Chemist: 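Quick one: the structure is below, questions incoming.
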Amino acid sequence: MPATALVGAQWGDEGKGKTIDILAAKADMVVRAQGGCNAGHTVVADGVTHKLHLIPSGILNPATVNVIGNGTVVTPGILLREMDELASKGYSLKNLKLDARAHVILPYHIELDILAEAARGGADLGTTKNGIGPCYMDKAERVGIRVCDLIDPAVFAEKLKVNLAVKNKLITLVYGGKALDFEKIYDEYCGYAKRLKPYVTDTSVLVYNAIKANQNVLFEGAQGMLLDLDMGTYPYVTSSHPVTGGFCVGAGIGPTLIDDCIGVAKAYTTRVGKGPFPTELLDEIGERLRRVGAEYGTTTGRPRRCGWLDLVILRCAVRVNGLTGFALSKLDTLSGIDTLKVCIAYKKDGETLYDFPTDIRDLEGCEPVYVEMAGFGEDITGVRTFDALPKACKRYIELIESETGCPIRMIGVGQDREQNFDRN
Ligand code: GDP
Ligand code: IMO
Ligand code: MG
């Protein structure tokens with residue numbers, strides 16, 4: 001460590017939760033800085049599965065401080081439900097901290113997400129319908145309600161009244177939906193505010209002080225680079241910045257304070273939701289990856305689209321995130337496939353492209369250029385050193401490293417926190 005940023009290098013669901021949980025054993029603090037409950041981070045510890053949406057994946061370590069930073073969007077009911085679930089399993093929440101500047105997701109954000117998606121018809125974005133986009137829209141429009149507003153009943157009443165008047169017009173007149181009731185939202189959210197107030201603080205100060213005191217601080221990305229509002233496959237993206245640069249704004253600290261940037265990459269590619277996917281497999285190998293890798297969304301349960309590993313994407317992830325290393329997950333899922341393909345470039349109009357196109361229209365007609373390699377049949381879920389991996393796995397790893405110029409530092413061979421080892 002001391003201050004390590006960890007992000008998704010593809011379209012999300014790379015195994016960030018598991019990786020954070022492992023690194024959190026040595027971390028004093030884990031920080032979420034963007035996104036909200038659209039994230040679904042699975043941590044399997046001692047045979048028990050935990051699905052975390054808003055609470056950082058360091059929560060299973062009692063000594064680790066877990067921060068929900070200013071750049072996140074918080075659904076209070078979901079946060080409290082997650083807190084209650086963890087408490088009922090015996091985990092302490094005394095080290096959970098929520099930034100006063102984080103924006104609050106209200107029922108009208110969720111309603112507008114659902115209505116806008118429906119209105120797009122076949123051109124919908126495939127959002128998680130958690131109100132993420134509409135909440136970040138309010139933030140950018142400077143009308144959002146923040147945690148510091150929520151915990152002040154008079155300020156909350158005032159802001160909710162003004163906002164709801166506008167949102168109800170949108171809901172009824174533009175989308176033909178049903179108006180939402182002020183009293184109902186106010187009462188429900190005041191109840192949430194009372195419970196959340198003890199956790200609210202200025203987390204920028206906490207994070208800064210921890211780094212200055214040489215503590216190990218881990219920044220936990222949600223989503224992945226290709227879902228970034230700027231660098232992703234726009235408009236099929238989320239509304240925040242899930243790249244390492246996003247941690248600076250979303251946790252309120254400067255870039256010189258981050259020492260190390262790790263990208264979590266799955267050994268193949270998946271994507272949930274709509275949008276282009278050059279190496280997607282619509283055949284039985286894609287089906288097999290989904291079945292063996294249990295590729296169903298943690299948040300929505302939707303089947304994830306599956307495809308071959310794409311090194312054009314990982315090369316882009318190295319550049320955009322300034323990666324110093326990869327954590328490669330789910331290598332075990334590839335076992336039993338006779339021939340593995342890895343995309344190292346795209347071909348379009350006779351030209352070979354090594355850099356990910358800026359516009360999704362340029363992705364259309366891009367043909368992946370594949371390197372074919374012999375697969376491996378061994379069950380590798382019990383392997384704990386690089387040397388003990390089958391030759392084919394080693395070649396696969398070395399190809400990723402040579403094509404991206406970035407070392408693989410951690411390797412995952414199963415869901416459990418034990419099923420993981422360092423490259424060296
Ligand atoms: P996240 O959103 O990046 O935290 O990833 P998700 O939790 O949504 O999805 C990753 C899934 O893969 C979870 O079910 C993890 O438990 C699982 N997983 C993570 N690493 C490995 C691995 O190395 N091998 C296997 N088989 N499963 C893994
Ligand atoms: P984790 O942190 C995978 C996708 C949605 C949709 C797009 C926009 O678990 O990796 P949104 O609700 O954010 O407006 O949806 O982004 N998406 C994710 N896909 N993993 C996630 O998070 C995601 N969070 C959002 O499926 O395509
Ligand atoms: Mg996930």
Side-chain angles (χ1 to χ4, degrees), residues 6-22 32 34-45 48-54 56-57 72-73 75 105 109-110 112-114 116-117 124-137 220-229 232-240 242 263-277 289-290 292-305 327-335 379-381 383 410-421:
L6 189 138
V7 288
Q10 294 152 324
W11 274 292
D13 303 326
E14 297 90 348
K16 298 176 293 293
K18 177 194 164 189
T19 316
I20 290 280
D21 170 62
I22 293 166
R32 273 280 307 269
Q34 44 71 228
C37 66
N38 48 348
H41 296 179
T42 315
V43 177
V44 182
V48 181
T49 301
H50 307 270
K51 291 178 189 256
L52 300 164
H53 301 284
L54 271 161
S57 304
T72 59
V73 284
T75 316
I105 295 189
H109 293 128
I110 299 166
L112 285 167
D113 197 354
I114 294 167
E117 278 287 84
D124 61 319
L125 303 173
T127 74
T128 62
K129 300 195 173 85
N130 280 305
I132 306 294
C135 186
Y136 277 117
M137 282 163 70
E220 174 176 2
Q223 291 83 51
M225 181 218 21
L226 287 182
L227 292 171
D228 181 273
L229 189 54
T233 42
Y234 192 89
Y236 299 99
V237 293
T238 191
S239 300
S240 67
V264 185
K266 219 175 254 184
Y268 46 98
T269 312
T270 64
R271 148 161 237 185
V272 60
K274 294 207 168 179
F277 182 171
L289 288 171
R290 185 159 37 249
V292 179
E295 296 294 354
Y296 294 88
T298 310
T299 298
T300 57
R302 290 179 290 179
R304 293 175 183 151
R305 298 155 65 191
L328 187 72
S329 69
K330 303 191 98 159
L331 190 58
D332 54 298
T333 303
L334 296 179
S335 168
D379 174 359
I380 58 166
T381 56
V383 171
M410 294 166 77
I411 295 160
V413 291
Q415 269 199 306
D416 202 88
R417 30 155 99 128
E418 304 301 322
Q419 291 174 305
N420 213 80
F421 51 89

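One-based numbering, in listed order, for ligands and for the atoms of each. Scope of the values below: all heavy atoms of this structure, side chains included, with no hydrogens, waters or symmetry mates. Predicted, not measured: the structure shown is a model, and the values here were computed from it.
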Chemist: Using a heavy-atom cut-off of under 4.0 Å, does the side chain or the backbone of R271 touch ligand 2, or both, or neither?
Modeler: neither
Chemist: What atoms of ligand 2 come closer than 4.0 angstrom to any heavy atom of A222?
Modeler: 2 (O)
Chemist: T238 to ligand 2: N or O pair under 3.5 Å?
Modeler: yes
Chemist: If the condition is salt bridge (charged side-chain N to carboxylate O under 4.0 Å, His left out), which residues does D332 pass it with, not counting sequence neighbours?
Modeler: none
Chemist: Do you know which two heavy atoms are closest between L289 and L334, and how far apart they sit?
Modeler: CD2-CD2, 3.9 Å
Chemist: Please name the pair of heavy atoms, one in L229 and one in Y234, separated by the smallest distance, quoted to 0.1 Å.
Modeler: O-CD1, 3.4 Å
Chemist: Would you indicate which of T270, T128, V237, I132 comes nearest to atom 12 (O) of ligand 2 when only heavy atoms are counted?
Modeler: T128
Chemist: Specify the closest pair of heavy atoms between G232 and V237, including all atoms of both residues, with the distance to one decimal.
Modeler: C-CG1, 3.6 Å
Chemist: Please identify which atoms of ligand 2 are closer than 4.0 Å to at least one heavy atom of K16.
Modeler: 1 (P), 2 (O), 10 (O)
Chemist: Are the side chain of D379 and the backbone N or O of T381 linked by a donor-acceptor pair below 3.5 Å?
Modeler: yes
Chemist: Between P56 and E220, which heavy-atom pair has the shortest distance, and what is it?
Modeler: CA-OE1, 3.2 Å
Chemist: Could you list the atoms of ligand 2 found under 4.0 angstrom from a heavy atom of G273?
Modeler: 27 (O)
Chemist: Just to confirm my output: which protein heavy-atom neighbour is closest to atom 26 (O) of ligand 2, and how far is it?
Modeler: R302 NH2, 2.9 Å
Chemist: For atom 1 (P) of ligand 2, find the nearest protein heavy atom and state the residue, atom name and distance (0.1 Å precision).
Modeler: Q223 N, 3.5 Å
Chemist: Would you say ligand 2 has an N or O under 3.5 Å from any N or O of N130?
Modeler: no
Chemist: Do you know the tightest heavy-atom contact between R304 and R290?
Modeler: O-NH1, 2.8 Å
Chemist: Within ligand 2, which atoms have a heavy atom of G40 less than 4.0 Å away?
Modeler: 1 (P), 9 (O)
Chemist: When you measure from the side chain of R271 to the backbone N and O of L226, does any donor-acceptor pair fall under 3.5 Å?
Modeler: no
Chemist: For atom 3 (C) of ligand 2, what's the nearest protein heavy-atom neighbour? Residue, atom name and distance, please.
Modeler: D13 OD2, 3.2 Å
Chemist: Do K18 side-chain atoms and Q419 backbone N/O form a donor-acceptor pair below 3.5 Å?
Modeler: yes
Chemist: Counting each atom of ligand 2 from 1 as listed, which ones have a heavy atom of W11 under 4.0 Å away?
Modeler: 3 (C), 19 (N)
Chemist: What protein N/O/S atoms lie closer than 2.8 Å to the Mg ion (ligand 3)?
Modeler: D13 OD1, G40 O
Chemist: What atoms of ligand 2 come closer than 4.0 angstrom to any heavy atom of A39?
Modeler: 1 (P), 2 (O), 9 (O), 22 (O)
Chemist: Using a 3.5 Å distance criterion without hydrogens, assess whether the side chain of Q34 forms a donor-acceptor pair with backbone atoms of A222.
Modeler: yes
Chemist: Counting heavy atoms only, which of V272, T127, T42 is nearest atom 27 (O) of ligand 2?
Modeler: V272
Chemist: Counting non-hydrogen protein atoms only, what is the nearest one to atom 5 (C) of ligand 2? Give residue, atom name and distance.
Modeler: G126 O, 3.6 Å
Chemist: Looking only at atom types and distance, does a side-chain atom of E117 sit under 3.5 Å from a main-chain N or O of T127, one as donor and one as acceptor?
Modeler: yes
Chemist: For the residue pair K330 and G293, what are the closest heavy atoms and their distance?
Modeler: NZ-O, 2.8 Å
Chemist: Are any of the N/O atoms in E14 less than 3.5 Å from those in ligand 2?
Modeler: no
Chemist: Ignoring hydrogens and angles, write down the donor-acceptor pairs under 3.5 Å from the side chains of residues 411-418, residues two or more places apart or on other chains.
Modeler:
from: D416; atom 1: OD2; to: E418; atom 2: N; distance (Å): 3.2
from: R417; atom 1: NE; to: D21; atom 2: OD2; distance (Å): 2.7
from: R417; atom 1: NH2; to: D21; atom 2: OD1; distance (Å): 3.1

Chemist: Would you mind listing each N/O atom of ligand 1 next to any protein N/O under 3.5 Å, plus the distance?
Modeler:
from: ligand 1; atom 1: 2 (O); to: D13; atom 2: OD1; distance (Å): 3.4
from: ligand 1; atom 1: 2 (O); to: G40; atom 2: O; distance (Å): 2.9
from: ligand 1; atom 1: 3 (O); to: E14; atom 2: N; distance (Å): 3.1
from: ligand 1; atom 1: 3 (O); to: G15; atom 2: N; distance (Å): 2.8
from: ligand 1; atom 1: 3 (O); to: K16; atom 2: N; distance (Å): 2.7
from: ligand 1; atom 1: 3 (O); to: K16; atom 2: NZ; distance (Å): 2.8
from: ligand 1; atom 1: 4 (O); to: K16; atom 2: N; distance (Å): 3.3
from: ligand 1; atom 1: 4 (O); to: G17; atom 2: N; distance (Å): 2.8
from: ligand 1; atom 1: 5 (O); to: G15; atom 2: N; distance (Å): 3.3
from: ligand 1; atom 1: 7 (O); to: T42; atom 2: N; distance (Å): 2.8
from: ligand 1; atom 1: 7 (O); to: T42; atom 2: OG1; distance (Å): 2.7
from: ligand 1; atom 1: 8 (O); to: D13; atom 2: OD1; distance (Å): 3.0
from: ligand 1; atom 1: 8 (O); to: G40; atom 2: O; distance (Å): 2.8
from: ligand 1; atom 1: 8 (O); to: T298; atom 2: OG1; distance (Å): 2.9
from: ligand 1; atom 1: 8 (O); to: R304; atom 2: NH2; distance (Å): 3.1
from: ligand 1; atom 1: 12 (O); to: K330; atom 2: NZ; distance (Å): 3.0
from: ligand 1; atom 1: 14 (O); to: Q415; atom 2: NE2; distance (Å): 3.2
from: ligand 1; atom 1: 16 (O); to: Q415; atom 2: NE2; distance (Å): 2.9
from: ligand 1; atom 1: 23 (O); to: K18; atom 2: NZ; distance (Å): 3.4
from: ligand 1; atom 1: 23 (O); to: K330; atom 2: N; distance (Å): 2.9
from: ligand 1; atom 1: 23 (O); to: G412; atom 2: O; distance (Å): 3.3
from: ligand 1; atom 1: 23 (O); to: V413; atom 2: N; distance (Å): 3.4
from: ligand 1; atom 1: 23 (O); to: G414; atom 2: N; distance (Å): 3.3
from: ligand 1; atom 1: 23 (O); to: G414; atom 2: O; distance (Å): 3.3
from: ligand 1; atom 1: 24 (N); to: D332; atom 2: OD1; distance (Å): 2.8
from: ligand 1; atom 1: 24 (N); to: G414; atom 2: N; distance (Å): 3.1
from: ligand 1; atom 1: 24 (N); to: G414; atom 2: O; distance (Å): 3.4
from: ligand 1; atom 1: 26 (N); to: D332; atom 2: OD2; distance (Å): 2.7

Chemist: Quick one: which of D113, L227, N38 has a heavy atom closest to atom 18 (C) of ligand 2?
Modeler: L227
Chemist: Under a 4.5 Å cut-off applied to non-hydrogen side-chain atoms, are I20 and H41 in contact?
Modeler: no
